[in-house]
Amino acid sequence: MYKVLIFTDLHITEPRARIIGLDPAKRFAEALRHALERHPDAAHVLITGDLTHHGTAAQYAALRGLLDNCPLPVTATLGNHDLRAPYFAAFPEAMRDENGFAQGMLELGPVRLIVLDTLDETGTAPRHGGYLCDKRLGWLRARLQEGGDRPVIIAMHHPPFVTGFDGMDRIRLANDTAFLDLLKEFPQVRHLICGHVHRTISGHVGGLAWTVLKSTCHQMPMLLGKEGTGDSIDEPGAYGVALFHDAGLILHSEDVLSEPAQVSLDDNSA
Ligand SMILES: [Fe+2]
């Protein structure tokens, strides 16, 4: 199996700034350390957007410092709290397509991973919503056409589907229908992995499986149906552990607890 550690919605701030009292940099550092210690066989780190809280140079510099000692290759894309120019200024070596978007394609074991940049800097989508312009959709089509039957997983920040959180659903991928219609032509696409909502959720849309992963920092309270996008709760940060194998994808969500959990290896009561 090919193991990938997936982090999303880091929301890195300047050093002394907090989000609902939480230190995003500390939370991400804890999550990364937690994941690397428990998964020394992991081969790759993927970060699916909202790398920073405001997209400032100082915030990307802070993130760069946090990733400096990461022993694994890191692939990242952007979310609605990011800005493209300062991101690429801080990470000039980062994955970028020929049109300047933070997207690309990786061969990870038996699977082809396509990472999409859904950040809308044009105001086409509602504020904080996501969008895939014609250039990005054209790039995606070309990658899928050249991929043959090899299974494809797509990672992106904004979900192209609803989750039951009404406020967040209004700022999902704005052109979700165009995106999903394109994918219908390519049955080798098996799973979508997203962030944005700050909650672990799974489902399927039009027969295509999807998973939304929790933030490494603040989470969405369980207020289904609620309007607005500003609700946050201090629940543990989390990350995903993806196992890519010949028969498909296994995707775990792991909470980062400040104290080691008590583990009973002999208790089979589950
Ligand atoms: Fe976020």
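Both counts, for ligands and for their atoms, begin at 1 and track the order of listing.
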Closest to the Fe ion (ligand 1), among the N/O/S atoms of D9, is atom OD1

In this structure, CD1 of I153 is separated from CG of L108 (nearest 0.5 Å) by 9.5 Å

**Prompt:** With a cut-off of 2.8 Å, does any N, O or S atom of H157 fall short of it relative to the Fe ion (ligand 1)?
**Reply:** no

Exercise. Taking atom types as modelled, find out whether T77 and Q103 have a side-chain donor-acceptor pair closer than 3.5 angstrom.
Key: no

- Does NZ or CZ of R96 lie under 6.0 Å from the centre of the six-membered ring of F88, at an angle within 45° of the ring axis? yes

query = Just checking, R143 and W139: is the charged tip under 6.0 Å from the six-membered ring centre and within 45° of the axis?
reply = yes

ang(OD2 D50, the Fe ion (ligand 1), NE2 H11) rounded to 10° is 90°

